[in-house]
Amino acid sequence: MTAPAAAARSPGGAIRIDAERLMADMRTFRGFGANGTGVVRRALSAIDVQSREWLACRYRDAGLVATTDRVGNVFGHDPRHTRAVLIGSHGDTQPRGGWLDGAMGVIIGLEIARAAREAALDTALGIDTVCWSDEEARFAHFLGSRAYCGLLPDDEVAAATDDAGIRLTDAIAEAGYAGLPPRGADPARHAAYLEAHIEQGPVLDRSGDQLGVVTAIVGAREFLVSFSGEANHAGTTPMALRKDAGLAMIRFAAALDARYADAADDAIVWTMGRIEIAPNAPSIVPAGATISVQFRGPDLAMLDRFEAELMRLVLEIGKDGGPVGCIVRQILDYRPTPMDEAVTTIVARAAERTAPGRWRRMPSGAGHDAQFMAPLMPAGMLFVPSIGGISHSFDEDTAEEDIVAGCRALALAAEEVATRFT
């Protein structure tokens, strides 16, 4: 197949990225769930399923073999090779998501695999691509990549529901995936994994760098802290006799924040982003309250320290013998994950060839599917800037020239990995 006339050669590479085609597919993919400047495409929703059907058609048009597994992961396999580099990201969004978070990496994977087919590369490895399912945790954190990596227990699948109480198993059946076979990682097929993503933070935007070479993905832990009190009339119950779970939660949050501020280094961050109070009425003393506590950082010892501070404060509340009970439950625990050194060196070389002097090595403060792939095969990631550092928002955006540069750089990296790895 002859490359389109509009194609632009990646610096020093045989893969010819078509910038116009790349951006056209980006805009089409954006249309599935478009809401103003953002996108609402929740995992396993009807619009998400439609987007995956469209993507499978694009894979086939590119000469790839398209398959979908039981949780909605969509793969495009290069039929010319028995081994390949796998490139991808996730296609689902946050409840009010940006148009690039995940989606950009999916379409970049499509374009690189398609352009590699057009170039008829004579490399040891082919180029496969994937669109992961439910990275944004409608039902389960990193559902698709964890299922692929054998890290999704059957009991978690059976118990998983979304915020509306819809069961994951029912959503899979409604999507038409229930009869599809599960898909597990195949080391005999995939020699390495690459992922492109928007940074989702301000570092590249503020520095003026065009590309970020990811060195590691930070670890994350999340807990739910629940307080139990007693509902009563807000006007007639004396303050000294109240068992106010809501007030106990507020005091806990303030105390924990102060402790974290004292203990923190410059790399760790913490968030108490979800609060629930029952019965949540202005004239009733709250009987129950729950708050999420999440912290992320690259240093395992600091994560341990933050967990210890949390548990210490919970124990202190229990020792006080006060009127409100407190229990804690862990719901997330991801270790810091370094990217493969050899792959990272290749990605850095591609970044320099694409944007000379305008790139940097950096950790990822957000979680990505690559962190689950990394223990199974050499993995690497590339960032492009987020305008204003904004993500998980309808205002999320990236300059078109940065998206194209990211695609060209990852194409260079993929070509070198496909040449050097066996």
Side-chain angles (χ1 to χ4, degrees), residues 25 28-29 32-33 41-93 102-103 105-107 109-110 113-114 126-162 164-190 193 195 368-370 372-373 376-377:
D25 280 341
T28 300
F29 201 45
F32 292 97
R41 190 170 56 239
R42 301 294 281 147
L44 299 175
S45 65
I47 199 68
D48 180 55
V49 173
Q50 290 174 29
S51 74
R52 291 169 188 274
E53 291 172 349
W54 171 83
L55 187 64
C57 288
R58 295 302 278 165
Y59 287 169
R60 295 186 188 102
D61 291 344
L64 305 173
V65 177
T67 58
T68 302
D69 70 12
R70 187 174 297 171
V71 295
N73 295 324
V74 185
F75 296 87
H77 286 222
D78 183 348
R80 301 170 305 169
H81 292 82
T82 57
R83 281 177 64 73
V85 181
L86 181 62
I87 305 174
S89 191
H90 62 95
D92 61 304
T93 74
V106 171
I107 302 303
L110 164 63
R114 176 170 51 198
I127 306 293
D128 289 354
T129 187
V130 63
C131 177
W132 301 116
S133 179
D134 201 9
E135 191 263 9
E136 300 289 11
R138 178 188 174 191
F139 294 100
H141 288 276
F142 304 97
L143 171 71
S145 54
R146 283 204 294 138
Y148 182 72
C149 295
L151 300 174
L152 188 70
D154 290 341
D155 57 352
E156 182 176 347
V157 174
T161 62
D162 68 3
I166 298 174
R167 298 175 63 87
L168 170 57
T169 50
D170 291 339
I172 289 172
E174 181 69 21
Y177 298 152
L180 298 177
R183 183 63 184 267
D186 184 3
R189 171 72 186 180
H190 292 133
Y193 175 75
E195 182 170 351
H368 298 286
D369 295 297
F372 300 98
M373 300 297 290
L376 298 182
M377 65 188 70

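None of these values were measured; they are calculated from a predicted model.
- Side chain of R167 to backbone of A158: a donor-acceptor contact under 3.5 angstrom is found.
- Of all heavy-atom pairs between T169 and V157, the closest is CG2-O, 3.9 Å.
- Checked by atom type and distance alone, the side chain of Y193 pairs as donor or acceptor with a backbone atom of G88 at under 3.5 Å.
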Candidate pair R42 and D162, rule salt bridge (Lys or Arg N to Asp or Glu O under 4.0 Å), full reasoning: CA-CA 10 Å; R42 301 294 281 147; D162 68 3; over 6 Å; no
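- Within the 3.5 Å criterion, the main-chain N or O of D48 finds a donor-acceptor partner in the side chain of S51.
- A donor-acceptor pair under 3.5 Å is formed between the side chain of D134 and the backbone N or O of F139.
- In this structure, the side chains of D92 and R41 stay at 4.5 Å or more apart for every pair of heavy atoms.
- Using modelled atom types, one side-chain atom of R52 and one backbone atom of G72 make a donor-acceptor pair closer than 3.5 Å.
- Panel note: side chain T129, backbone I87; a donor-acceptor pair is recorded below 3.5 Å.
- Using cut-offs of 30° and 60° on the angle between ring planes, the pair W54 and F29 is parallel.
- Checking H190 against D128 by side-chain atom types alone, a donor-acceptor pair falls below 3.5 Å.
- Within a 6.0 Å sphere centred on CD of Q50, other residues, nucleotides and ligands contribute more than 12 heavy atoms.
- Not one N or O on the side chain of D25 forms a donor-acceptor pair closer than 3.5 Å with the backbone of I107.
- A ring-centre distance under 6.0 Å is found for Y148 and F75.
- Within the 3.5 Å criterion, the main-chain N or O of E135 finds no donor-acceptor partner in the side chain of R146.
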